[in-house]
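Keep in mind it's a predicted model, so treat the numbers as computed, not measured.
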Amino acid sequence: MHSYKDFAYFYDKLMEDVDYKKWFEYVLMILKRLEVTPKKVLEIACGTGNFTKYLCDNGYDVTCFDLSEDMLSVAYDKLNIYRNVIILKQDMRLFNINKKFDMVISVCDGINYITAYEDLVNVFKRVKLHLEEDGVFIFDISSYYKLHEIIGNNTFVEENDNIFYVWENYFDEHDNICELYITFFVKQGSKYIRFDENHIQKAYSIDEIVNALRRAGFKNIDYYESFTFNKPNDKSERMHFIVRK
Ligand SMILES: C[S@@+](CC[C@H](N)C(=O)[O-])C[C@H]1O[C@@H](n2cnc3c(N)ncnc32)[C@H](O)[C@@H]1O
């Protein structure tokens, strides 16, 4: 079963309630607090480029990549009007771009898709290699609480205009893996076309993330409940990590 294949073409419709502008403004607040003004930015797991668009609109020199060709195809249609973006297909576990960046960023769960701990350490090592000495790495994760208590072992049925979809989720307590089986029915003319996707996300604890960052050589690590500057609590659903060498 696929991940981010046919779904890519409906992703933006189903993400309509995600406020990427607010997300971008939060990142600007982080940068202001750090007193840094990055110019060269690498966005990893950029998906369909919803956050990338804000980076482009605000004059950053942007490189972005994702693993899914279908997500990138939608991103390309959205971003090809800009002259300040390079779009690549890369796997964040192995990526190699012959350039260093002032900021590396990943938005909305990309890191949860890295399900093996050693791969997570590798992702962070790759990021460190691509960061300038005074660069900043910003990413968020869906919390263990969200994947275990809210998403895991639950079924959701949703309808959005012509798209009807069901997610059946299973949480593996041994490996802390949340498996999402999503069945979409998309109305085309008088018929509904069905397709299925399978997404696998890992529920990491804060300690696991911090230890992986340390193993990759990062020393300056901070984290907050997303969109705030408060420490996360037991019921935080998303948290942001702000990391420097
Ligand atoms: C929830 S989407 C987020 C997309 C985008 N950042 C956004 O905010 O809309 C997660 C993305 O991670 C990408 N992804 C998953 N594993 C990846 C990997 N190993 N390397 C690069 N991208 C990956 C998926 O293809 C998908 O586009």
Charged N-O contact under 4.0 Å between [X] and [Y]:
X    : Y    : result
R238 : D109 : yes
D70  : K5   : yes
K245 : E133 : yes
E118 : R93  : no
E132 : K40  : yes
K99  : D61  : yes

Keeping the roles fixed (side chain from [X], backbone from [Y]), state whether a donor-acceptor pair exists under 3.5 Å.
X    : Y    : value
E179 : N198 : no
Y54  : E25  : no
N112 : K202 : yes
T63  : I86  : no
K146 : A203 : no
K231 : Y223 : yes

Separation of F156 CZ from I150 CD1 (nearest 0.5 Å):
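Rounded to the nearest 0.5 Å, the CD1-CZ separation comes out at 8.0 Å.
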
Pairwise distance CG(D172) to CG(N153) - rounded to 0.5 angstrom:
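CG of N153 is found 9.5 Å from CG of D172.
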
Hey, are [Y] and [X] close enough side-chain-wise for a donor-acceptor pair under 3.5 Å?
X    : Y    : value
T48  : D12  : yes
Y204 : N176 : no
Q201 : H199 : no
D234 : Y145 : no
Y224 : Y26  : no

Quick one: closest heavy-atom pair of [X] and [Y], and the distance?
X    : Y    : value
V85  : C64  : CG2-SG, 4.1 Å
K13  : I163 : CG-CD1, 3.8 Å
C46  : D66  : N-OD2, 3.4 Å
Y192 : N162 : CE2-O, 4.1 Å
L180 : I151 : CD2-CG2, 4.2 Å

Any chance you could lay out the side chain to side chain contact (heavy atoms under 4.5 Å, CB included) test for V107 and F24, step after step, and finish with the verdict?
CA-CA 10 Å; V107 172; F24 181 71; over 6 Å; no

Taking the inter-plane angle between the rings of W23 and Y20 on a 0 to 90° scale, is it parallel (under 30°), tilted (30 to 60°) or perpendicular (over 60°)?
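It falls in the parallel class, under 30°.
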
Does the plane of the ring in F171 sit parallel, tilted or perpendicular to the ring in Y144? Use 30° and 60° as the thresholds.
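Answer is perpendicular, since the angle exceeds 60°.
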
Please report the C-alpha distance between H240 and F227 in whole Å, then the side-chain angles of each, then the deciding distance to 0.1 Å, and finally whether the side chain to side chain contact (heavy atoms under 4.5 Å, CB included) criterion is met.
CA-CA 8 Å; H240 264 82; F227 311 115; 4.2 Å; yes

Trace of the ring pair (Phe, Tyr, Trp, His ring centres under 6.0 Å) decision for F7 with Y4
CA-CA 5 Å; F7 174 39; Y4 291 104; 5.6 Å; yes

List the steps and the verdict of side chain to side chain contact (heavy atoms under 4.5 Å, CB included) for I138 and L31.
CA-CA 10 Å; I138 300 175; L31 298 177; 4.2 Å; yes

Start with the C-alpha gap between I141 and I206, add the side-chain angles, then the distance that decides, and say whether side chain to side chain contact (heavy atoms under 4.5 Å, CB included) holds.
CA-CA 10 Å; I141 56 163; I206 290 177; 5.8 Å; no

With a 6.0 Å cut-off on the ring centroids, do F124 and F241 count as close?
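Between F241 and F124, which both carry aromatic rings, the centre distance is not below 6.0 Å.
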
Under 6.0 Å between ring centres, would you say that holds for F10 and F184?
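Centroid distance F10-F184: not below 6.0 Å, so no.
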
Give a yes or no on whether [X] atom [atom1] has more than 12 heavy-atom contacts from other residues, nucleotides or ligands under 6.0 Å away.
X    : atom1 : answer
Y76  : OH    : no
K235 : NZ    : no
E69  : CD    : no
K21  : NZ    : no

Treating Ile, Leu, Val, Met, Phe, Trp and Tyr as nodes and any side-chain heavy-atom pair under 4.5 angstrom as an edge, say whether L129 and F101 lie in one connected cluster.
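As far as the 4.5 Å side-chain criterion goes, F101 and L129 are not connected within one cluster.
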
